Number of protein chains: 2
Amino acid sequence: MSKPAAARLIPKVPTKVPRVGARRTTRSSTKRELVAVAEELFAEQGYPATSLDQIVGQAQVTKGALYHHFSGKQALFEAVFERVEAEARASIQAGLKDQRDPWLKAQAGLRAFLDVVQQPAYRRIVVLDGPSVLGYERFREQEERSTFAIVVEIVRAVLTAGEWDDGEVDEEMLQTFTRVFFGAMSSAGTSVASSDDPALAAQRVEAALGFILTGLRSLADAGVPLPDPAAGRDSAR
Amino acid sequence: MSKPAAARLIPKVPTKVPRVGARRTTRSSTKRELVAVAEELFAEQGYPATSLDQIVGQAQVTKGALYHHFSGKQALFEAVFERVEAEARASIQAGLKDQRDPWLKAQAGLRAFLDVVQQPAYRRIVVLDGPSVLGYERFREQEERSTFAIVVEIVRAVLTAGEWDDGEVDEEMLQTFTRVFFGAMSSAGTSVASSDDPALAAQRVEAALGFILTGLRSLADAGVPLPDPAAGRDSAR
DNA sequence: TCGTGTTCCATACCAACGGTACGTACCCAG
DNA sequence: CTGGGTACGTACCGTTGGTATGGAACACGA
């Protein structure tokens with residue numbers, strides 16, 4: 001690959017010179033190095049525009065190493081994806097750890113999420129390329145194990161805290177509400193990230209979502225029950 | 001491509017046999033044929049997995065024709081994308097054309113959108129591959145000219161119909177609200193499409209979003225003003 | 001310490017892909 | 001009938017993801 005001028009007609013001899021800077025250091029640091037380099041390049045250029053040659057070049061190894069640790073480009077991406085998602089999850093959880101009131105927790109979670117979604121690596125790898133590369137199903141599995149799981153808990157706290165039914169919330173309905181909120185936050189967050197004035201845009205998103213939450217709260221206070229998915233047409237009005 | 005056994009060593013003579021079934025029929029039907037075939041294949045296999053050879057093969061032309069009408073694979077995708085988006089827009093608009101009340105209009109629009117997002121072509125081409133292939137910026141431009149524009153108008157109608165301020169809604173806030181709703185619908189819709197029981201899932205989504213709308217409506221009736229993006233921290237609670 | 005299996009990785013190669021260069025058949029204005 | 005533009009077909013190229021092969025370094029029991 002782009003190295004036509006090198007040792008050519010000595011194919012069988014050891015060829016020597018495996019590495020200058022002493023490879024094989026600690027237990028498979030190569031793998032982590034590959035993931036780190038791949039994360040950087042995927043985040044900068046996107047998945048399709050990043051070639052394996054580029055990755056292994058910058059990681060100072062060859063494709064042999066890469067294909068020893070990963071089954072292919074997609075598997076490498078998946079490792080990167082999980083890493084980024086894990087960081088995001090940790091970051092969000094740190095942002096709402098000392099909030100007790102469900103509504104304040106929701107607000108803190110929203111802010112933390114808006115911060116995360118402005119990081120270029122998260123946007124590019126998780127939001128933009130994630131679904132396309134992993135396929136929607138796999139993308140969703142991964143997502144539901146990390147950031148989505150947090151949102152589920154927040155939404156659950158909000159729904160149970162409201163004086164709707166005491167305790168028990170229909171699990172399916174909870175999932176649906178979370179999907180709705182997660183999508184809203186994700187979309188709004190992405191638009192925040194690509195805004196001219198991200199801070200202002202984030203403020204607007206907070207205001208809008210906060211307004212919606214206030215609406216839900218007023219319903220809770222008024223004793224309006226959560227919708228029953230089994231019922232017929234009784235959504236708006 | 002994959003035709004090693006053919007006329008080889010007669011490179012300069014016309015080679016003849018341009019086509020069996022008489023090409024060059026009407027005025028550039030080739031272009032539309034290419035778009036149609038590409039839409040089908042992109043929808044089935046996704047953008048990266050569909051090769052140009054496959055497209056031109058099924059369209060009964062060669063890459064020469066393709067590169068005459070389009071500057072490359074991405075340009076072809078964009079043509080397909082616009083076509084699919086235009087159909088979606090028309091479908092949604094047809095679904096809410098005879099609704100006058102803003103809240104009913106919103107509900108009808110939601111249903112129409114949930115229908116659209118269940119079509120495989122729309123999901124794959126617009127939702128899944130769209131952002132990744134076009135890049136977020138271009139994707140957004142296209143989107144805002146079609147389906148997003150409809151949602152803007154619906155949201156505007158809802159916001160102005162509520163007795164918030166009479167008339168005038170802050171344009172930026174409107175945009176933000178729309179992004180939030182659009183994201184919610186898109187995410188929920190996609191999850192509907194990949195659900196085991198799409199009909200039931202759609203019902204749940206309708207219920208959830210309807211509940212949220214009801215909350216907003218109660219705020220409107222109570223005379224709670226729309227949030228002011230300029231104000232500080234006053235979102236939830 | 002000597003095999004011997006396993007891990008880890010480099011080298012060389014391949015088929016398929018998107019894209020390009022160039023030629024040619026056709027149409028129409030002059 | 002001729003020149004130029006349109007609408008393709010054909011052949012070819014560089015790069016890409018992926019594979020086959022083999023060797024070097026370690027682990028470890030005999």
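In what follows, every chain begins at residue 1, and chains take the letters A, B, ... in the order their sequences are listed. In this text, all values refer to a predicted model and were calculated from it rather than measured experimentally.
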A.B. asks: Starting the side chain at C-beta, find the nucleotide from D/dG17, C/dG19, D/dC8 nearest to A/Leu52.
C.D. replies: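 Nearest listed nucleotide: D/dG17.
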A.B. asks: From the options D/dG17, C/dT11, C/dG18, select the nucleotide whose nearest atom is closest to the side chain of A/Thr62.
C.D. replies: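 The answer is C/dT11.
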A.B. asks: What is the distance, rounded to the nearest whole Å, between atom CG of B/Leu66 and atom P of D/dT10?
C.D. replies: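 Rounded to whole Å, this separation is 15 Å.
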A.B. asks: Starting at atom CG of B/Leu76, determine the distance to atom P of C/dG19, rounded to an integer number of angstrom.
C.D. replies: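 Atom CG in B/Leu76 sits about 10 Å away from atom P in C/dG19.
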A.B. asks: Does the plane of the ring in A/Phe81 sit parallel, tilted or perpendicular to the ring in A/Phe77? Use 30° and 60° as the thresholds.
C.D. replies: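 Rings of A/Phe81 and A/Phe77: tilted, as their planes differ by 30° to 60°.
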A.B. asks: Out of D/dG17, D/dG9, C/dA10, which has the shortest distance to the side chain of A/Tyr67?
C.D. replies: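 Shortest atom-to-atom distance from the side chain points to D/dG17.
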A.B. asks: Does D/dA7 have OP1 or OP2 under 4.0 Å away from a side-chain N or O of B/Thr30?
C.D. replies: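 B/Thr30 to D/dA7 OP1/OP2: no side-chain N or O under 4.0 Å.
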A.B. asks: Using a 4.0 Å heavy-atom cut-off, does B/Gly64 contact any base of the nucleic acid, only the sugar-phosphate backbone, or nothing at all?
C.D. replies: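 Answer is base: heavy atoms of B/Gly64 come under 4.0 Å of a base.
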A.B. asks: Per the atom types in the model, does the base of C/dG19 pair as donor or acceptor with the side chain of B/Lys63 at under 3.5 Å?
C.D. replies: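 A donor-acceptor contact between them is present.
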A.B. asks: When the distance from CD of A/Gln54 to P of D/dG18 is rounded to whole Å, what number comes out?
C.D. replies: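 Checked: the CD to P distance equals 16 Å.
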A.B. asks: In whole Å, what is the span from the CZ atom of A/Arg32 to the P atom of C/dC9?
C.D. replies: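 The answer, rounded to whole Å, is 12 Å.
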A.B. asks: Side-chain contact test, heavy atoms from C-beta onward, threshold under 4.5 Å: evaluate it for B/Ile154 versus B/Leu96 and give yes or no.
C.D. replies: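 Yes, side chains in contact.
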A.B. asks: Given D/dA7, is OP1 or OP2 found less than 4.0 Å from the side-chain N or O atoms of B/His68?
C.D. replies: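 The answer is yes; a side-chain N or O of B/His68 sits under 4.0 Å from OP1 or OP2.
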A.B. asks: Are B/Glu87 and B/Gln119 side-chain neighbours, meaning at least one heavy-atom pair lies under 4.5 Å?
C.D. replies: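 Side-chain contact under 4.5 Å: no.
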A.B. asks: Hey, does the side-chain of B/Lys73 have a donor or acceptor N/O within less than 3.5 Å of a partner on the base of C/dG19?
C.D. replies: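 Answer no: no donor N or O sits under 3.5 Å from an acceptor.
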A.B. asks: Could you check whether atom CZ of B/Arg140 has more than 12 heavy atoms from other residues, nucleotides or ligands sitting under 6.0 Å from it?
C.D. replies: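 Yes.
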A.B. asks: Could you list by number each residue of residues 36-51 of chain B showing a heavy-atom separation from DNA chain D of less than 4.0 Å, or answer none if no residue does?
C.D. replies: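 When residues 36-51 of chain B is checked for heavy atoms under 4.0 Å from DNA chain D, there are no hits whatsoever.
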A.B. asks: What is the distance from CZ of A/Phe70 to P of D/dT19, rounded to the nearest Å?
C.D. replies: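 To the nearest whole Å, that distance equals 16 Å.
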A.B. asks: Report yes if some heavy atom in the side chain of A/Glu171 is under 4.5 Å from a heavy atom in the side chain of A/Arg156; otherwise report no.
C.D. replies: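 A side-chain contact exists here, since the closest heavy-atom pair is under 4.5 Å.
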A.B. asks: In whole Å, I'd like the distance from the CD1 atom of B/Ile55 to the P atom of D/dC8.
C.D. replies: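 After rounding, the reported distance stands at 16 Å.
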A.B. asks: Nearest-Å distance, CD (B/Gln60) to P (D/dC8)?
C.D. replies: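 So the two atoms are 13 Å apart, to the nearest Å.
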A.B. asks: OP1 or OP2 of D/dC8 versus the side-chain N and O atoms of B/His69: is any pair under 4.0 Å?
C.D. replies: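 True: B/His69 side-chain N/O within range (under 4.0 Å) of D/dC8 OP1/OP2.
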A.B. asks: With sequence neighbours left out, what residues match B/Phe70 under ring pair (Phe, Tyr, Trp, His ring centres under 6.0 Å)?
C.D. replies: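 Scan of B/Phe70 (ring pair (Phe, Tyr, Trp, His ring centres under 6.0 Å), adjacent residues dropped) gives none.
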A.B. asks: For A/Phe113, what residues pass the ring pair (Phe, Tyr, Trp, His ring centres under 6.0 Å) criterion, not counting sequence neighbours?
C.D. replies: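 Checked A/Phe113 against ring pair (Phe, Tyr, Trp, His ring centres under 6.0 Å); matches are A/Phe182.
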